[in-house]
Amino acid sequence: MELDAALNIIDSCISQIKWRLKPSPRRRLHTDILALCTGMRPVVMVDYGGKLPELQERLCSVLQLSQKESSILRILRVMVIDDMIYLINVKELAEYVKASLNADIKLHFVDLEQDPPKMIAQSEPNSNAKELVSVQRFFSTVFPVDGTDKELFPPPTGDHVVNNKSIAGEISTSQSSSDVIDLSCCMQDCQVTIPTLNGWLLGYPVVYLFGRDHISDSIYNLSTKSLQLFQISIHRSGGTSTSGPRQEELMSFSVPRSLSMERENEAWAEAFLARLLAKLETCKHVWASLKMEVSQCYPQAIVL
């Protein structure tokens, strides 16, 4: 299978650059690559050990080498926002941004500036949610749907606007398909925080919402609450008769327990799972099945 061959190429390139990647993060990298290439996720946040700039350099080197041998990997890029590193599927991200702006994908927000936190719908007026829309519009200029079929990443020209303010500086791009896309500028002059941005970027149905002026309050408001942890597990196709299909974690996110008492039966959770299952139907040759499990986390110190 083409994707299995691509993973073998990835492993070969990891060895070639002498990246001592341990078995667990290597398996995580494999799962992330498969999830991105099959469209199950548009963006994953990189957590394979190491930090900037070494991790970024290693990922770029592996992609640059592997993309010479596997065309299916050429849609993947490394993206950086401040000190966060992501792997993205350029086309899937463009479609996801468009769907978000058109409200084809319904988001729910947990307003952490209130105690207790309150669940608010995407349509409800909120200044922080409005700023997130501005950031989404910025992403739509960087990842236009009509442009990704012709070029993997058409270099943006001119200034971009977030929250009606001009963003100074250039977005880091060049001709190589594995060069880093540095979008740190999207967080300038904006109240949107990294946890809020990540909640949307990583495809969660419920996003923690709070502004830069309320970070300490938000940490307290969340740390004192019991949480429900929603874990999405996915099974690889083609498992052996003794081991069966391999189970991997596709993603996980949390929601205050008081706002998710129905657990997986919450309307937003059912809609989210239905959307994932619909995507699964398009890549059954890679993924055999998918399920959502919910567990409870008791109050604990949380870093946002």
Side-chain angles (χ1 to χ4, degrees), residues 24-25 28 31-32 35 41 43-49 51 81-86 105-132 135 187 190-234 247-273 275-276 290-304:
S24 179
R28 181 71 251 172
T31 300
D32 288 344
R41 299 191 70 182
V43 178
V44 297
M45 189 163 61
V46 169
D47 185 17
Y48 312 131
K51 57 182 80 172
I81 299 176
D82 291 341
D83 60 349
M84 313 298 292
I85 311 176
Y86 311 83
I105 295 177
K106 304 293 184 183
L107 284 181
H108 287 76
F109 297 106
V110 174
D111 187 351
L112 292 183
E113 294 183 6
Q114 302 188 47
D115 189 17
K118 179 184 177 183
M119 181 85 78
I120 60 176
Q122 191 171 2
S123 57
E124 294 184 46
N126 181 281
S127 60
N128 291 322
K130 186 177 180 180
E131 293 229 344
L132 178 60
V135 174
M187 302 300 290
C190 181
Q191 281 295 307
V192 171
T193 59
I194 283 289
T196 296
L197 178 68
N198 280 341
W200 166 67
L201 264 183
L202 300 177
Y204 302 155
V206 177
V207 175
Y208 289 134
L209 190 66
F210 58 99
R212 294 178 185 271
D213 296 336
H214 294 272
I215 292 177
S216 59
D217 292 337
S218 299
I219 290 175
Y220 175 81
N221 292 341
L222 191 60
S223 297
T224 56
K225 306 296 183 292
S226 293
L227 305 176
Q228 303 276 32
L229 180 64
F230 290 76
Q231 294 178 298
I232 312 299
S233 298
I234 198 163
Q247 176 176 310
E248 316 283 355
E249 183 181 292
L250 182 66
M251 68 172 77
S252 63
F253 59 93
S254 64
V255 181
R257 185 171 182 270
S258 63
L259 301 177
S260 56
M261 296 298 291
E262 297 296 322
R263 296 161 63 91
E264 62 268 30
N265 295 321
E266 294 282 352
W268 56 261
E270 291 180 338
F272 175 63
L273 184 59
R275 191 165 69 248
L276 288 179
L290 178 148
K291 66 179 179 179
M292 176 187 290
E293 296 178 307
V294 185
S295 58
Q296 185 172 346
C297 299
Y298 295 98
Q300 56 186 300
I302 292 173
V303 177
L304 292 173

* Starting from the C-alpha separation in whole Å, work towards a yes-or-no answer on side chain to side chain contact (heavy atoms under 4.5 Å, CB included) for Leu222 and Leu227. => CA-CA 9 Å; Leu222 191 60; Leu227 305 176; 3.7 Å; yes

* **From Asn221 atom CG to Phe210 atom CZ, the distance as rounded to the nearest 0.5 Å** => 10.5 Å

* To do: Report the distance from atom CG of Leu276 to atom CD1 of Ile234, rounding to the nearest 0.5 Å.
  => 8.0 Å

* Atom pair CG/OG of Leu290 and Ser233 - distance to nearest 0.5 Å -> 8.0 Å

* Using the side chain to side chain contact (heavy atoms under 4.5 Å, CB included) rule, pick out the option among Thr196, Thr193, Asp115, Leu112 that qualifies with Ser218. => Leu112

* Can you tell me which residue pairs pass the side-chain hydrogen bond (donor to acceptor under 3.5 Å, both in side chains) test with a partner in residues 254-272, sequence neighbours excluded? => Tyr208-Ser254, Arg257-Gln296

* Asked: Quick check: are there more than 12 heavy atoms from other residues, nucleotides or ligands sitting under 6.0 Å from CG of Asp47?
  -> no

* Structure fact -> Across all chains, not counting sequence neighbours, the ring pair (Phe, Tyr, Trp, His ring centres under 6.0 Å) partners of Phe253 are Tyr204, Phe230, Phe272

* How many angstroms lie between CD1 in Ile232 and NZ in Lys291, if you round to the nearest 0.5 Å? -> 11.0 Å

* Please test Glu113 against Asp217 for side chain to side chain contact (heavy atoms under 4.5 Å, CB included), starting from the C-alpha separation and ending with a verdict. => CA-CA 6 Å; Glu113 294 183 6; Asp217 292 337; over 6 Å; no

* Between atom CD1 of Ile120 and atom CD of Gln114, what is the distance when rounded to the nearest 0.5 Å? -> 7.5 Å

* Is the backbone of Ser252 close enough, under 3.5 Å, to the side chain of Gln231 for a donor and an acceptor to pair up by distance? -> no

* **Minimum heavy-atom distance between Ser226 and Pro299, given as atom pair plus value** => OG-CD, 3.4 Å

* To do: Identify the two heavy atoms, one from Arg212 and one from Val192, that lie closest to each other, and give their separation to 0.1 Å.
  => NH2-O, 3.4 Å

* Structure fact -> Between Leu107 and Gln122, the two heavy atoms sitting closest are N-OE1, 2.9 Å

* Asked: Among Gln228, Met119, Lys225, which one satisfies side chain to side chain contact (heavy atoms under 4.5 Å, CB included) with Leu259?
  -> Met119

* Contact summary for Met45 and Asn198, nearest pair of heavy atoms -> SD-ND2, 3.7 Å

* Asked: In a check of side chain to side chain contact (heavy atoms under 4.5 Å, CB included) between Phe109 and each of Asn126, Asn128, Leu132, which one passes?
  -> Leu132

* Asked: For the side chain of Arg28 and the backbone of Tyr48, is there at least one donor-acceptor N/O pair under 3.5 Å apart?
  -> no

* **Any donor-acceptor N/O pair, Glu131 side chain to Gln191 backbone, under 3.5 Å** => yes

* Gly199 to Val207 - nearest heavy-atom pair and separation -> C-CG2, 3.6 Å

* List the steps, then state whether side chain to side chain contact (heavy atoms under 4.5 Å, CB included) holds for Leu202 with Arg41. => CA-CA 8 Å; Leu202 300 177; Arg41 299 191 70 182; 3.5 Å; yes

